[in-house]
There are 2 protein chains.
Amino acid sequence: MGSKGEALRQRIVAAADELFYRQGYENTSFSDIADAVGISRGNFYYHFKSKDEILSAVIDSRVAAIVTMLNEWDKKFKDPRQRLYYYIDMPLRDQENICLHGCPVGSLCTELAKINRTMLDDANRMFAVFRDWLILQLNFLGVRKNVKKIAMHFIARVQGIVTVTNAFEDKDFLQQETKQLKKWQCR
Amino acid sequence: MGSKGEALRQRIVAAADELFYRQGYENTSFSDIADAVGISRGNFYYHFKSKDEILSAVIDSRVAAIVTMLNEWDKKFKDPRQRLYYYIDMPLRDQENICLHGCPVGSLCTELAKINRTMLDDANRMFAVFRDWLILQLNFLGVRKNVKKIAMHFIARVQGIVTVTNAFEDKDFLQQETKQLKKWQCR
DNA sequence: CTAATTATAGGACAATCGTCCTATAATTAG
DNA sequence: CTAATTATAGGACGATTGTCCTATAATTAG
């Protein structure tokens, strides 16, 4: 069984994941990833036969990571309102990277909308996982009307904050808007 | 005087502007732009000596276009609240493009944050022009406290809406969130 | 008209891109 | 141990990239 090959495959995905986040998908070459992992391009191509394929693997890996993370949040916080706050605070906990590279989910979707619309439908699953989890928390909170709309509203709010934070490299804005968003209540 | 050359220069900038918006900066080559204008690559290089230079010209052109547009809005609407609504409705008036390509300002900043941080400081001037105009309108409305913060808040709200609209190709979301944002009032 | 300047075309340039192939090396199965 | 499979390295491939050069065409200045 290819257990050693599987381990390398995961290292490749992890390296590609970070590079796509830091310098964008289009701007990251096979060589960049191979160099980061410390293997040859030929070997890289043995594991992933095309750039679409490595992108697809990175998206799957991110979706899985988000699911795992949300499960941990569920264990950590029993109060759905606390969980909601923890979601809103997520960019705050990763200020440096958010400031420099934006949101891994949002920025990838924004890029794919321009260069690879086929993969966009794959990428926005990352948003969908958050959305479905948010819907659950809103249900727990007793919200009954427009639950999906409100979940999407939260995602959009966070995306907007991150986009502006990234464009202006402005952590103060991130902090102040995050605080304000937590004052949200159902209208 | 190079008045014919100047006319071509503007056609080049216009073509690059649209291509950068539709397929991204990194993913647009000199050949793409030259083909779109119908000139040779050599001629293109006579007018713009590097990719940074054409990007810089596109950003300047966009900033100027935004200034012109906001002046027209000022003529068109005397009520600052109406002007604010017209700003919020901007993505709605360009639904098709927003859905397909996102925000020209936001998506360019997001891309440049990853591939060309030097130019990012140039690009976010596009946001700054909107911000300063919004500050003016808020002043007219009698808002005295946190005016800059509120202006940035509006920009972030619109950015978030557009990012999600683009990622999900969801016009309904755009319409409903736009309507909700117009219910905003100072707290 | 002539000379100088500006504009345009076309191709050369090295580098890099994604892709693919082949020859070994390492591992596993029998 | 031997044979088969899996993994790895290295380089060839055509295409494309941004950049630059040179020769000509068009325009302008005297």
Side-chain angles (χ1 to χ4, degrees), chain A residues 1-20 22-59 108 111-112 114-120 122-123, chain B residues 1-20 22-59 108 111-112 114-120 122-123:
Chain A
M1 210 80 76
S3 81
K4 186 182 174 198
E6 192 56 34
L8 176 57
R9 205 190 124 98
Q10 283 178 6
R11 276 174 52 215
I12 293 175
V13 171
D17 190 340
E18 185 170 342
L19 284 169
F20 291 171
R22 299 172 73 98
Q23 47 185 30
Y25 170 67
E26 181 78 12
N27 195 41
T28 300
S29 69
F30 276 37
S31 297
D32 289 337
I33 305 171
D35 288 352
V37 183
I39 61 173
S40 66
R41 266 170 308 140
N43 189 12
F44 182 97
Y45 200 74
Y46 173 77
H47 292 277
F48 297 96
K49 285 186 285 297
S50 77
K51 219 184 169 188
D52 271 11
E53 205 169 293
I54 175 71
L55 172 59
S56 178
V58 166
I59 292 173
L108 183 59
E111 183 176 6
L112 293 182
K114 292 191 196 299
I115 68 172
N116 193 334
R117 294 198 75 76
T118 312
M119 282 286 157
L120 176 59
D122 214 19
Chain B
M1 209 77 76
S3 80
K4 185 180 174 198
E6 192 56 34
L8 177 56
R9 205 190 123 98
Q10 283 177 7
R11 276 173 53 214
I12 293 174
V13 170
D17 190 340
E18 184 170 341
L19 284 169
F20 291 171
R22 298 171 74 97
Q23 48 185 31
Y25 170 68
E26 180 78 13
N27 195 42
T28 300
S29 69
F30 275 36
S31 297
D32 289 338
I33 305 170
D35 288 352
V37 183
I39 60 171
S40 66
R41 265 169 307 143
N43 190 12
F44 182 97
Y45 201 76
Y46 174 77
H47 292 276
F48 297 96
K49 284 184 287 299
S50 75
K51 220 185 168 186
D52 270 12
E53 206 170 291
I54 175 71
L55 172 59
S56 178
V58 166
I59 291 173
L108 183 59
E111 183 176 5
L112 293 182
K114 293 190 195 298
I115 68 171
N116 193 333
R117 293 198 76 76
T118 311
M119 281 288 155
L120 176 60
D122 215 19

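Proteins get letters first, then strands, A, B, ... in listed order; numbering begins at 1 in each.
Rounded to the nearest 0.5 Å, atoms NZ (B/K114) and CD (A/E26) are 14.0 Å apart. Note that CD1 of B/I12 and CD1 of B/I33 are 8.5 Å apart. Values are rounded to the nearest 0.5 Å. To the nearest 0.5 angstrom, B/I115 atom CD1 is 8.5 Å from A/E111 atom CD.
As rounded to whole Å, 12 Å separates atom P of D/dG18 from atom CG of B/L19. To the nearest angstrom, C1' of D/dC20 lies 17 Å from CZ of B/F48. Atom-to-atom, CZ of B/R9 to P of C/dA7 comes out at 11 Å; the value is rounded to the nearest Å. Straight-line distance from the CD1 atom of A/I12 to the P atom of D/dA7: 11 Å, rounded to whole Å. Atom NZ in A/K49 sits roughly 13 Å away from atom P in D/dT6 (whole-Å rounding). Distance, A/I115 CD1 to C/dC17 P: 15 Å, rounded to whole Å.
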For the pair A/L108 and A/I59, evaluate side-chain contact (heavy atoms from CB on, under 4.5 Å) and give the outcome as yes or no after the intermediate values. CA-CA 10 Å; A/L108 183 59; A/I59 292 173; 4.2 Å; yes
Run the side-chain contact (heavy atoms from CB on, under 4.5 Å) check on B/L55 and B/D122 step by step: do they pass? CA-CA 10 Å; B/L55 172 59; B/D122 215 19; over 6 Å; no
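With distances taken from any side-chain atom of B/K51 to the nucleotides C/dA7, D/dT8, D/dT19, the minimum falls on D/dT19. Side-chain proximity of B/N43 to D/dT19, C/dA7, C/dT19: nearest is C/dA7.
A donor-acceptor contact shorter than 3.5 Å links the side chain of A/D32 to the backbone of A/S29.
Side-chain contact between B/D52 and B/N116: present, with at least one pair of heavy atoms (C-beta onward) separated by less than 4.5 Å.
At least one side-chain nitrogen or oxygen of B/Y45 sits closer than 4.0 Å to the OP1 or OP2 atom of D/dC20. The phosphate of C/dT6 has neither OP1 nor OP2 within less than 4.0 Å of any side-chain N or O from B/H47.
Within residues 24-41 of chain A, the residues approached by DNA chain D to less than 4.0 Å at the level of any non-hydrogen atom are A/I39, A/S40, A/R41, in residue-number order.
Sparse packing is recorded around CD of B/E18, with 12 or fewer heavy atoms of other residues, nucleotides or ligands lying under 6.0 Å away.
When each of A/G42 and A/Y46 is assigned the nucleotide of DNA chain D with its nearest heavy atom, A/Y46 is the one assigned upstream, toward the 5' end.
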Which dot-bracket notation, 5' to 3', represents the base pairing of DNA chain D when pairs are defined as Watson-Crick or G-U with both distances under 3.5 Å, crossing pairs as [ ], and inter-strand pairs as |? ||||||||||||||||||||||||||||||
Under 3.5 Å, sequence neighbours excluded: what are the donor-acceptor pairs made by side chains of residues 39-46 of chain A?
from	atom 1	to	atom 2	distance (Å)
A/S40	OG	A/N43	N	3.2
A/Y45	OH	A/K49	O	2.6

